[in-house]
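Notes for the one structure printed next.
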Protein chains: 2
Amino acid sequence: MKAPTIADVAHEAGVSVSTVSRHLRGDRVRAAEGIDRAVALLRYRPSPAAQSLKSGKTGAVALVVPDVTNPFFAAVVRGAESITAQGGHTIFLANTDESDAREAEVVEDLLTRVDGMLLAPASEDNPSPQRLADAGVPTVLIDREAPSTGRFDTVLIDNHGGARSAVEHLLSYGHERIATIAGTVNSTPGRFRLEGYRAALASHSIELPPDFVQIGGFKEHGGYQSMLRMLALPDPPTAVFVANNTMTIGALRAIKDIGVRIPDDLSVIGFDDHPFSEILDPPLTVIDRPMEQQGALAMRMLLSRMSNDSWRESRRVVLDVRLTERASCGPPRSTPMGARRKGARA
Amino acid sequence: MKAPTIADVAHEAGVSVSTVSRHLRGDRVRAAEGIDRAVALLRYRPSPAAQSLKSGKTGAVALVVPDVTNPFFAAVVRGAESITAQGGHTIFLANTDESDAREAEVVEDLLTRVDGMLLAPASEDNPSPQRLADAGVPTVLIDREAPSTGRFDTVLIDNHGGARSAVEHLLSYGHERIATIAGTVNSTPGRFRLEGYRAALASHSIELPPDFVQIGGFKEHGGYQSMLRMLALPDPPTAVFVANNTMTIGALRAIKDIGVRIPDDLSVIGFDDHPFSEILDPPLTVIDRPMEQQGALAMRMLLSRMSNDSWRESRRVVLDVRLTERASCGPPRSTPMGARRKGARA
DNA sequence: ACAATTTCTGAAATCGTTTTCAGGCAAGGT
DNA sequence: ACCTTGCCTGAAAACGATTTCAGAAATTGT
């Protein structure tokens with residue numbers, strides 16, 4: 001019933017507590033065999049609480065994300081866990097629901113229970129990273145930066161470049177009336193994807209009405225509403241770049257509801273791939289990125305930072321994204337003279 | 001730099017350690033105010049390790065699932081976490097990758113670190129639940145039973161009924177050649193969904209060749225291969241019930257690759273809904289269930305079991321499922337009479 | 001004002017480990 | 001034989017909280 005302690009093992013094996021402890025930690029010990037037997041017999045497992053108390057290490061790592069239900073974060077969790085599985089750290093998971101307040105709570109709570117933290121802050125002016133730094137908890141940020149506070153190890157992707165190449169792709173088909181459904185602008189991905197969109201347009205000297213930027217807040221409903229507004233415009237866009245996966249679902253639903261056809265009436269390109277993208281009709285062209293890898297890398301950086309307590313310079317890694325072309329983009333319908341077709345598609 | 005201890009607080013407030021502890025736990029104490037001040041000043045947070053050691057409680061709960069990347073389990077995690085967020089327990093998350101061996105490892109590891117565990121076992125003859133029972137860790141099983149061992153609190157859904165009504169739906173359109181892509185048969189959902197399928201057919205006295213049951217192992221690739229085999233049959237089915245979400249993706253990809261049309265050539269019904277289902281072409285008819293709710297309920301049951309150490313009878317809850325009809329099912333195209341060829345195989 | 005209560009306090013024991021610390025015992029050198 | 005090394009060992013002191021216990025202070029009743 002009650003869990004055996006190291007003292008029970010010592011007694012059973014006829015040696016002292018210290019000897020058992022030493023053997024378990026790997027020291028050479030005469031009674032090794034007997035101890036192993038006793039451990040097996042009693043099914044002894046050392047108490048993590050006692051070990052933490054003595055060592056100051058918890059053997060745990062926190063992983064704080066806005067929402068596990070988002071396939072991207074689910075993948076990050078999986079990637080992070082795959083690394084941790086080897087090295088004997090366990091993962092505390094927490095959702096923040098994209099709320100700064102909730103994030104503060106969970107961070108405060110987890111602070112003392114872990115040796116390090118992987119954090120995807122809800123917004124860029126979020127105090128959590130600073131709090132973690134103050135508390136001396138090794139931290140690496142995922143997908144979102146914390147520019148307001150000091151530097152942190154960070155694993156980002158090339159949001160700007162990704163958005164830019166998405167828009168370039170649209171431009172290459174001859175589109176000029178290119179709109180975007182943006183995320184929350186005070187988050188790193190939201191900000192840079194929007195800037196990338198603008199940069200691409202600017203470099204082609206294209207100016208667009210402000211209505212062509214709709215804020216969808218990274219939520220499905222926001223994507224739906226944004227697309228509805230977009231299509232209700234007196235002079236609607238011929239192509240849209242949607243800045244994340246969940247908003248894309250909403251946007252496509254709106255498109256379907258209204259009866260607009262892709263890509264004939266409207267070209268669509270999304271950000272972040274999904275198994276479903278391939279079986280949509282038409283299959284969705286997206287900006288893709290190594291999601292699990294992003295989580296795995298972040299975890300590796302965290303573990304390294306945790307062991308090397310050396311004051312390493314903080315690292316900022318930016319992963320490449322990739323355009324995977326499917327069939328949701330094509331030339332604008334009313335193109336003056338079907339002229340500028342590049343990657344012609346059925 | 002170094003975290004303050006309760007002794008630091010005591011010293012700062014000019015009282016004894018015991019007094020501080022008492023105040024923090026809610027006792028009436030004269031120096032209350034001064035202690036609060038000291039706590040705030042030093043930013044004191046009690047050490048969870050020390051508290052656990054003394055109390056025997058860890059304040060943590062484990063959540064072990066086959067794969068967070070599966071939207072269903074992601075939803076379960078979210079549901080569970082939403083409950084826990086109130087009551088001050090933190091969640092350890094672990095993936096087992098559907099492997100019994102891996103599950104044994106993580107369970108063994110987590111065993112000592114938590115006050116209770118939510119577990120979706122990889123298979124039905126998995127020793128983990130028994131191990132947990134032996135160790136005296138309150139456990140509730142999610143979505144999958146452990147019939148081989150004793151009774152456990154369990155939160156299931158009506159797999160049998162769901163599968164059955166899926167097939168009935170197909171039957172109501174006049175289909176007779178109804179196939180299924182099943183999951184792993186030694187898991188609860190796999191087994192019962194298959195049985196439900198068979199029961200529906202049996203109750204209409206329909207007999208089908210064994211090829212009409214393909215095992216997809218709950219994986220996308222399995223769904224793809226299964227569907228390929230199905231469509232290559234000399235006398236293929238006119239309707240298919242796919243037993244989970246990921247296999248459905250694979251199956252739909254196969255269908256798309258081959259060029260079969262839904263629902264004209266083949267009706268398809270899936271198990272478990274997804275935001276994408278609605279924007280497929282045609283929108284997918286599915287058996288739906290309250291996913292987050294399932295996780296939330298399981299967590300509530302676990303917490304209750306953890307507090308009421310009373311030896312309550314173990315509860316087995318079965319949640320209802322619901323058919324949400326969209327447009328992937330229709331009448332069979334050619335209803336050839338007497339087309340019931342048996343055991344035809346290349 | 002004094003005794004009988006009640007409330008509050010601090011010292012110390014405890015939880016289960018790890019880690020000094022001072023030896024014990026065997027081997028090796030002279 | 002004796003002394004020096006070198007391994008291994010067990011007792012005991014941490015780690016940071018909670019809780020028992022006995023006693024001090026404050027409150028009450030008469």
Validation row: B:M117, B:V61 side chains within 4.5 angstrom (heavy atoms) = no

Can you tell me the distance, in whole Å, between the CZ atom of B:R28 and the P atom of D:dT27?
-> 13 Å

Set of residues satisfying salt bridge (Lys or Arg N to Asp or Glu O under 4.0 Å) with respect to A:R300, sequence neighbours excluded | none

Send over the distance from A:D27 CG to D:dG10 P, rounded to a whole Å.
-> 14 Å

For DNA chain C, determine which residues of residues 12-24 of chain A have any heavy atom closer than 4.0 angstrom to one of its atoms, and list them numerically.
-> A:V17, A:S18, A:S21, A:R22

How would you list, by chain and number, every residue that makes a salt bridge (Lys or Arg N to Asp or Glu O under 4.0 Å) with A:E145, sequence neighbours excluded?
-> A:R316

Contacts of type side chain to side chain contact (heavy atoms under 4.5 Å, CB included), residue A:R30, not counting sequence neighbours = none

By side chain to side chain contact (heavy atoms under 4.5 Å, CB included) - contacts of A:D153 (at least two apart) | A:V140, A:M301, A:R305, A:R312, A:S314, A:R315

Indicate the atoms forming the closest heavy-atom contact of A:F73 with A:A120, along with that distance.
-> CE2-CB, 3.8 Å

Check: residues 14-29 of chain A side-chain donor-acceptor pairs under 3.5 Å, at least two apart:
unit_1, atom_1, unit_2, atom_2, d
A:S16, OG, A:S18, N, 3.3
A:S16, OG, A:S18, OG, 3.2
A:S16, OG, A:T19, N, 3.3
A:S16, OG, A:T19, OG1, 3.2
A:H23, NE2, A:D36, OD1, 2.9

Axis deviation across the helix from C:dA1-D:dT30 to C:dT30-D:dA1, five-pair ends, to the nearest 10° | 40°

Could you state the CD1-C1' distance from B:I6 to D:dC15, rounded to the nearest angstrom?
-> 14 Å

Would you mind telling me which of A:L119, A:T154, A:V107, A:T139 makes a side chain to side chain contact (heavy atoms under 4.5 Å, CB included) with A:P129?
-> A:L119

Check whether any side-chain heavy atom of B:T90 sits under 4.5 Å from a side-chain heavy atom of A:L110, and report yes or no.
-> yes

All pairs passing side-chain hydrogen bond (donor to acceptor under 3.5 Å, both in side chains) where residues 69-86 of chain B contributes a residue, at least two apart | A:D67-B:R78, A:N95-B:E81, A:D97-B:R78, B:N70-B:N245

B:H11 NE2 to D:dG16 P, straight-line distance once rounded to whole Å | 16 Å

Residues from residues 43-61 of chain B sitting under 4.0 Å of DNA chain D, heavy atoms only?
-> B:Y44, B:R45, B:P46, B:S47, B:A50, B:Q51, B:L53, B:K54

Side chains of A:H89 and A:M306: closer than 4.5 Å at any heavy-atom pair?
-> yes

Quick one: side-chain hydrogen bond (donor to acceptor under 3.5 Å, both in side chains) pairs with a partner in residues 49-63 of chain A, sequence neighbours left out?
-> A:T58-A:D115

Nucleotides bounding contact with chain B, strand DNA chain C, heavy-atom threshold 4.0 Å = C:dC8 to C:dG16

Restricting to pairs with a member in residues 32-58 of chain B, which pass ring-ring contact (aromatic ring centres under 6.0 Å, His included), not counting sequence neighbours?
-> none

